Amino acid sequence: MLSSPGRHGVSSGEIDQLRERALHELQEVTTHEALAQWHARYLGRRGEITQRLRGLGSLPADVRPQVGRALNALKETLETAYAERERIVRELELAARIEAEAVDVTLPGRRPAIGTLHPVTQMIREVTDIFAHLGFQVVEGPEVEYGYYAFDALNIPPEHPARDVWDTIFIESDQKEIVLRPHTSPMQIRVMERRKPPVRVVVPGRCYRYEAVDATHEWHFHQIEGLAVDEHITMADLKGTLAEFARQLFGRERRVRFRCDFFPFVEPGVDFAIDCMFCRGEGCRVCGGSGWIEILGAGMVHPQVLRNVGYDPERYTGWAFGMGVERLVMLKYGVPDIRYFYQGDLRFLSQFERIPI
Ligand code: FA5
């Protein structure tokens, strides 16, 4: 028997109570944090068991071994219980984490936001597709171009007033004249220099002009050039091809108009117009009341241009055209201002059809 309660602060009943209390509290512990607190309370350096073991010295010698054994047995019991509880808490915490982080595979997926192709890119694809089906090859060329290709070879010699029509941006150079191409026509020369007739190409690309920006003019825009050269090519082929193109792009009911125009690299030159799809030719704000909308410049390739690339103009004839891409998008979708294209405003850009990228 241990000594009676109260006298030395430790009795068997007290130790039983302590065990019961400690084990009961341990049962309630469900987190590592609470477990650490429990350990500190009972088994830590200042814990109840440790304190009591330290107090053994002040007990009378006759009860000391007994109390010591009982306290050590209690300590062992609590340590075992603690280790077991620690294992359970680890399992409980893992189960809670799995529960919290569970993935419900039956939930419908979140659709990722998919971008759209820029309307200008879409239009370039649409136009070049039409011409590809008509037998034209799509080629591209440099945006930084020699003056020779941009002007001279196109029958626009230096000092010729027509050179001013293309408000050109020049690149500083102490050798050859270098420009940011103001139109895609230089590619007529580059293609013909490299190939023998028959030639049938379309050339989409960026162009630059030193231009005051307004609702219909940008300093940076896109053109698509077309060129067909072979024996016996006539103006009738040009008219048929452009009419078919315009009807595929703007609707089969479109009427077309060719009028004389001047470009130094074609003879004769024409401007090509379609009847206004907004008022069906009656006259409205879009067509400026005329009922017609000009969509491109074209003409029979000038004999001098053919000579410049080494083609015999007595044997070969051809035609060329050049159109503004932004202009086509504006017409097709009723866009009132060219500046919308390059402001990067998604409210504008995302309105265009989603074409897979
Ligand atoms: C030319 O650039 C000629 N190279 C077209 C050509 C090719 C004629 C082959 C004959 C044979 P023009 O300067 O008119 O022509 O430009 C053609 C089109 O480019 C215009 O109708 C317009 O749609 C577009 N364009 C011209 N300047 C700008 C600009 N600053 N901003 C937006 N589009 C423009």
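Everything numeric here is computed off the predicted structure, so don't read it as measured data. Numbering of ligands and ligand atoms starts at 1, following listing order.
Following chains of ILVMFWY side-chain contacts shorter than 4.5 Å, one can reach Ile274 starting from Tyr333, so the two form part of one hydrophobic cluster.
A heavy-atom cutoff of 4.0 Å around ligand 1 is satisfied by the protein residues Trp166, His183, Ser185, Gln188, Arg209, Glu211, Thr216, His217, Glu218, Phe221, Gln223, Glu225, Phe263, Phe265, Val266, Gly297, Ala298, Ala320, Phe321, Gly322, Gly324, Arg327, Ile338.
Not a single side-chain hydrogen bond (donor to acceptor under 3.5 Å, both in side chains) links Asp167 to another residue, sequence neighbours left out.
There is a side-chain donor-acceptor pair under 3.5 Å between Arg195 and Gln137. For the residue pair Glu86/His32, the side-chain donor-acceptor check at 3.5 Å is satisfied.
Figure legend: Lys176 and Tyr148 shown without cation-pi pairing, the cationic atom not lying both under 6.0 angstrom from the six-membered ring centre and within 45 degrees of its axis. Both tests do not hold together for Arg181 against Tyr208: distance to the six-membered ring centre under 6.0 Å, angle to the ring axis within 45°.
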